[in-house]
Amino acid sequence: MAMTEFLSFVPIFSDLQPETLEKIEMIGSRRSYKKNDVILMEEESGTALFVIITGKVKVARTSGDGREVILTILTDSDFFGEMAILDGFARSANVVAIEDTELFLLQRNDFMNLLRDHPEISIILLQELTKRLRAADIKIKALSLKDAEGKVATVILQLADEIGKIKQGKVEIEKLPLQQDLANMAGTSRETISRTLHSFAKKGLVELEGSKLKILDYEKFKGMFI
Ligand code: CMP
């Protein structure tokens, strides 16, 4: 796919004219990362904004003793790195490739000029940041108020939104993250993840097949736990 065609599918650039997309292609650059490469580190200063061309990354924070909480997983056409660019403070989290990943980079000044020249980008950016704040609110509620089932269900629903596909009325997550990663997303242990997923399967709420998970009735599942 040509770069301008790819850029036209990126939500924050989707309202722009072809000439502007060509300009963005000219001022940006591409960079490839291998699975497990660290792309950004918490506390570094920020100089660029990134858009995922292909691949997947996890956004995570770590504690001094090496424990990790995964805030979100981002995939094709998602952007990251906007926070340090916008407020000038340090990177708020680590971003690590969880698959081989190709990124499109825009330097801070170029991105800020684009926002000034094309306010329509700012509107979509604000909508996406609002969506992320809503997701973070759901996560805070799950971490502070919910029992193990509620925490695990919240993570499954979050993944369904981020990487799920609707197939024959069921929401399918093709490749569930490793159980330890799920535990780090849910703020619980690997054993609890395993136990709870099997209990959901037994109750007929989900189907598990290797690393594939299907939510059999998405609305019902959401209604039970969110
Ligand atoms: P920045 O702080 O520059 O670098 C880390 C990036 O991770 C951050 O920008 C956001 O793009 C992304 N990020 C941080 N927290 C979240 C979150 N809760 N949900 C989605 N993305 C996030």
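Indexing begins at 1, ligand by ligand and atom by atom, following the structure's order.
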Are [X] and [Y] close enough for a salt bridge, meaning some N to O gap below 4.0 Å?
X: E102; Y: R30; value: yes
X: E82; Y: R132; value: yes
X: E19; Y: K23; value: no

Practice prompt. Please indicate whether M112 has more than 12 foreign heavy atoms, meaning atoms of other residues, nucleotides or ligands, lying under 6.0 Å from its CE.
Written response: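 Yes, CE of M112 has more than 12 neighbouring heavy atoms, counting only those of other groups under 6.0 Å.
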Pull out every atom of ligand 1 sitting under 4.0 Å from any heavy atom of [X], numbered as shown with elements.
X: V59; value: 7 (O), 12 (C), 13 (N), 14 (C), 22 (C)
X: A93; value: 5 (C)
X: T72; value: 19 (N), 20 (C), 21 (N)
X: R91; value: 1 (P), 2 (O), 3 (O), 4 (O)
X: A84; value: 1 (P), 2 (O), 3 (O)
X: S92; value: 1 (P), 2 (O), 4 (O), 5 (C), 8 (C), 14 (C)

Practice prompt. Under 4.0 Å, heavy atoms only, figure out whether ligand 1 is touched by the backbone of E82, its side chain, both or neither.
Written response: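 Looking at E82 and ligand 1, atoms from backbone and side chain both fall under 4.0 Å.
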Worksheet item: Using a heavy-atom cut-off of under 4.0 Å, does the side chain or the backbone of N94 touch ligand 1, or both, or neither?
Response: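 The answer is neither.
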Worksheet entry | ring-ring contact (aromatic ring centres under 6.0 Å, His included) against Y33, all qualifying residues, sequence neighbours excluded |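 For Y33, no residue satisfies ring-ring contact (aromatic ring centres under 6.0 Å, His included) once neighbours in sequence are set aside.
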Worksheet entry | Test ring-ring contact (aromatic ring centres under 6.0 Å, His included) applied to F6 - qualifying residues, sequence neighbours left out |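 Once residues adjacent in sequence are excluded, F6 has no partner under the ring-ring contact (aromatic ring centres under 6.0 Å, His included) criterion.
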Worksheet item: With I163, which of I173, D76, L74, L176 fulfils side-chain contact (heavy atoms from CB on, under 4.5 Å)?
Response: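 Going through the options one by one, the only one that passes is I173.
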Discussion item. Taking a cutoff of less than 4.0 Å between a non-hydrogen atom of the residue and any ligand atom, is G46 in contact with ligand 1?
Written reply: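 No heavy atom of G46 comes that close to ligand 1.
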Discussion item. I'd like to know if G81 contacts ligand 1, where contact means a heavy-atom distance under 4.0 Å to any ligand atom.
Written reply: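 Right, G81 reaches ligand 1.
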Worksheet item: For atom 15 (N) of ligand 1, what's the nearest protein heavy atom and its distance?
Response: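 Of the protein heavy atoms, L71 CD1, 3.8 Å lies nearest.
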Worksheet item: Is there a nitrogen or oxygen of F80 sitting under 3.5 Å from a nitrogen or oxygen of ligand 1?
Response: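 Min N/O separation from ligand 1 is not below 3.5 Å for F80.
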Worksheet entry | Plane angle bin for F80 and F50 - parallel if under 30°, tilted between 30 and 60°, otherwise perpendicular |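 Correct class here is parallel.
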